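Written out below as structure tokens is the structure these notes cover.
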Amino acid sequence: MAYPFQELEPKWQQYWEEHGTNRTSDDTSLPKFFIMDMFPYPSGAGLHVGHPEGYIATDIIARYKRMSGFNVLYPMGFDAFGLPTERNAMKTGIHPAVITQQSIANFKRQISIIGLGYDWSREIITSEPRYYKWTQWIFTLFFNSWFDDDVQKARPIEELPIPDHLATEEEKEEYRDSKRLAYVANMPVNWCEALGTVLANEEVDEWREKGYTVERRLMRQWMLRITTYSQRLLDDLELLDWPTSTKEMQKNWIGRSEGAEITFRADGTGEPIPVFTTRPDTVFGATYMVLAPEHALVDTLTTDEQREAVQKYRRQTEAKTDIERTDGKEKTGVFTGGYAINPATGERIPVWIADYVLAHYGTGSIMAVPGHDERDHAFAVQYGLPIRQVVAPADNSAWDIIGEAFTTDGVGVNSENTEVSLNGLPTPEAKDRIAHWLVEKGIGTKRIRYKQRDWLFSRQRYWGEPIPIMFYKDGGKRSLTIDELPLELPHVSDFMPAGTGESPLAKVESWTNFIDPKTGREAGFETNTMPQWAGSCWYYLRYIDPHNDTAFCDPDKERYWMDGGGIDLYVGGSEHTVLHLLYARFWHKLLYDYGYVSTKEPFHKLFHQGMILGEDSRKMSKSLGNVVNPDDIVTELGADSLRVFEMFMGPLEMTKPWATTGIEGVHRFLNRVWRLVAEEDGALSQQLADVEPTPEQYFVLHSTIKKVREDIESMSFNTAVAQMMIFVNEFTKEETRPRKAIEQFLLCLAPFAPHIAEELWSILGHSGSIFLQPFPAFDPEKLVQNDVEIVLQVNSKVRSRAVVPIDADESTVERIAMDDPQVQKHMEGKTLRKKIFVLNKLMNFIVS
RNA sequence: GCCCGGGUGGCGAAAUCGGCAGACGCACAGGACUUAAAAUCCUGAGACCCUUGGGUCGUGCGGGUUCAAGUCCCGCCCCGGGCACCA
């Protein structure tokens, strides 16, 4: 018969709730531990067993840390604004706020029956005005800031030096607008007609996978100047205890590259055409130039004969998204008819346009070196452009430059003019030499470029944070001040897109047409809203001080909880590697620049839990019918079984399939735990006694305490569970079970299986929660054994074993080994060549 | 193509520093209890050879270092994830 989990689990959940067992204390004299899950987006679909895996892990750590004397902040909230809810609203006609409420209620019910010990008094919901007031406030901080390159930090826009030649107030304001960290721009965007909104570059793939069509359009958009922080976002990765793969991905995303900017000039007009290259040493091999089709100089360079072809090509590329431009393997392009002068060789080289050159990277134009760049090589072959070798392999071997580009480092050849020669120089030195020459001649400088682009921050949607900016009908705009926030999302019954590429807010008269009470001017609010990612950029800070109405977070509380370089542990899926985690770091750095937060980084340690697959080893999905619902598991086997099994399945970071028989095994284990302490009817077991544990029992107990402690700290929960199983196996065998040992064991088990641990703790006669007890310490002396089994080898093969006193020395062990019949047998008639002795491990005789 | 992970029994997986490969669990087999079954408890088990004792092989593949390699080095293969015209 199974232990009565169905009664005792809700009982203890209610007890914790009533007694505030999981509340965070305000006692800042205690050492703190700030541990967080990535908060969920509450969809209507509900959870499958994969979702709470990370939550269970953090709950175990949170409970363990509390028992270890830490003041633990372990909160939960909801990322509640976003597209899926709005789409659902459009389908059902139910207001997104109502849908959100329902989804959250269902979600909370599902996670509370698992016994997760969140401090719900700190719950935050990003779509609530008292939360997004501060999201908007941070936005105004971006709007009212510029980035000072000299000190590498954000400063108030009023402190921006205005160039003298700007006289009128309009000109000055235009200049300020061009420097603001939140700015409006006409951007080619990823427009999705079906969704009625634009998408961030980072989001495009996700929606395409779902079958949506995304096209290129020029639209007025809000942008955040994240690129000004590229270098800091890159550098500060060093401070973080994150998975290396995640750091690598962010590095690649930021994509720093060192090189040079070289100014070519148009033949005839002398118009400068700067290019960015990481291989300035190959400039002698630049046999043509390519501009992005959108490049500003295309018009002036194009000759009349070529104009028609150029315009046709430009129209073709305009319609394509970035992804489509990179789809085709074959390179396309058109000759402009114009020529430029290669500043190193003085040669006249043709200027082409081609969509393999991207307008937004570097200068939007390149010097093409087909001998030493694969893309240029392919293009040159396609259109019969000259290919010249200017770098040779270091060993001077021959290279078929017409057949294939030589792209690695080598030594310079054919690279000489009257002033400079790179011939014979290894690539790194050649780069230096040419850089010197370029700077000297004023035709080039060293440059660093980043792949990362500014963050497209507006969405043409209703269900998001309103952007707290008003535009005056007679020109100009202002951000709302803190007393005017939150700018509440107006309640509408029609949340269909305006159909004009504008958000539903454009249809709300009171939103777009009013008198600004501060200035008396006619004005309208921005009709775009913020993207899904906005609310999650700073929510961790709000947990620290969730009910503060005068600041987003009290500075003293912030310093206490963020001490040690940020949140102590942040757990969530790796799918957020380059979006949420990069955006949140960016926002944090702005707040840091103003002294609102005390750490450079928000998340000191990060951990990604793996995925749980269906029993068929495929991703759980409704369509495959392999979804396992945690509600069913809790009903049939209990929350504790679910918790312990999810931890026992394997390493937390791994992807692993669900196994029904596996959880039954864990359920059996918990039943064994129950019977270790209690009779079938719930009375205290007759086999428990107040006796001193034997040395062997002590050894098992203290090994268990040690292992569980270490494994929780290193997040190796699976092996901690295995060790607890060993404990139960050992003590189940015993006729008489020392009460003391059993109690200590229950304390170890408590973070994993809190309900059964509480119940057995009270059966043992204790009043009050088991979680008020300190986590047991292990005694190293109890782990010392008198004897140890060692291996006896002959020629490195195990031939026998012997039990010897611990730390027995070589001569003792050698004597024992020599007396061993198996060892003797294998050494018979052979000569001893060598003896190898490893303390407490082995004795190895090498014979011939 | 490039950058990260990973490959260990029938299955999920263990294995600080190079030192007994396969802990723990699942599934399986045998036994005890039972009229019987379920539940529970006990026992067994990497593969192959073998009469017992035992022997041989074995951590994706091929080499190497070492008294000793899942672990270190070199070269491959396969799987998962990410990036991919970024000059």
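From a predicted model like this one, the values you see are computed outputs, not experimental measurements. Lettering of chains follows the sequences in order, A, B, ..., and the numbering in each one begins at 1.
- The CG-C1' distance, from Asp711(A) to rU16(B), rounds to 12 Å in whole Å.
- For the pair Tyr356(A) and rA87(B), the criterion of a side-chain N or O lying under 4.0 Å from OP1 or OP2 is not met.
- Among the nucleotides rA87(B), rG82(B), rA27(B), the one closest to the side chain of Met249(A) is rG82(B).
- Defined by atom type and a distance below 3.5 Å, a donor-acceptor pair is present between the side-chain atoms of His667(A) and Ser641(A).
- Using a 4.0 Å cut-off on heavy atoms, the residues of residues 716-731 of chain A that approach RNA chain B are Asn718(A), Thr719(A), Ala722(A), Met725(A), Ile726(A), Asn729(A), listed by number.
- Of the candidates Thr246(A), Leu240(A), Asp241(A), Thr246(A) is the only one forming a side chain to side chain contact (heavy atoms under 4.5 Å, CB included) with Pro243(A).
- For the 3.5 Å distance criterion, the side chains of Gln452(A) and Thr227(A) fail to qualify, holding no donor opposite an acceptor.
- Checking side-chain atoms of His702(A) against main-chain N and O of Phe778(A) turns up no donor-acceptor pair under 3.5 Å.
- The side chain of Thr244(A) lies closest to rG5(B), out of rG19(B), rA13(B), rG5(B).
- At least one side-chain heavy atom of Leu237(A) sits less than 4.5 Å from a side-chain heavy atom of Arg585(A).
- rC57(B) is paired with rG46(B) under the Watson-Crick or G-U wobble criterion, all donor-acceptor distances under 3.5 Å.
- When rounded to the nearest whole Å, the span between NZ of Lys451(A) and P of rC3(B) equals 13 Å.
- Arg833(A) comes within contact range of no nucleotide atom at all, as no heavy-atom separation falls under 4.0 Å.
- Using modelled atom types, one finds a donor on one side chain and an acceptor on the other under 3.5 Å when comparing Ser257(A) with Tyr361(A).
- Nucleotide rG5(B) is shown with an anti base, its glycosidic torsion being more than 90° from 0.
- In this structure, Arg799(A) reaches the sugar-phosphate backbone alone: every heavy-atom distance under 4.0 Å involves primed, P, OP1 or OP2 atoms, never a base.
- Proximity note for Lys733(A) (side chain, C-beta onward) versus rG19(B), rC42(B), rU40(B): the nearest is rC42(B).
- Across all strands shown, Asn844(A) has heavy atoms under 4.0 Å from base atoms, whether or not it also approaches the sugar-phosphate.
- Position along RNA chain B of the nearest nucleotide to Val838(A) versus His826(A) favours Val838(A) as the more 5'-ward residue.
- The partner of rU65(B) cannot be assigned: no Watson-Crick or G-U wobble pair with both contacts below 3.5 Å exists in any strand.
- Contacts of Arg449(A) with the nucleic acid, taken as non-hydrogen atoms under 4.0 Å apart, are absent.
- Pair assignment for rC24(B): rG12(B), on the basis of Watson-Crick or G-U wobble contacts that are both within less than 3.5 Å.
- Rounded to whole Å, the P atom of rC42(B) lies 15 Å from the corresponding atom of rC33(B).
- In this structure, Lys331(A) satisfies the cation-pi test against Tyr356(A), with its NZ or CZ atom closer than 6.0 Å to the six-membered ring centre and inside 45 degrees of the ring normal.
- The partner of rG5(B) is rC79(B), by the rule that a Watson-Crick or G-U pair needs both atom distances under 3.5 Å.
- Listed nucleotides: rC41(B), rG19(B), rC57(B). Nearest to the side chain of Lys797(A): rC57(B).
- Within 4.0 Å of Pro657(A), counting heavy atoms only, lies no atom of the nucleic acid at all.
- Taking atom C1' in both rC61(B) and rC67(B), the straight-line distance is 26 Å, to the nearest Å.
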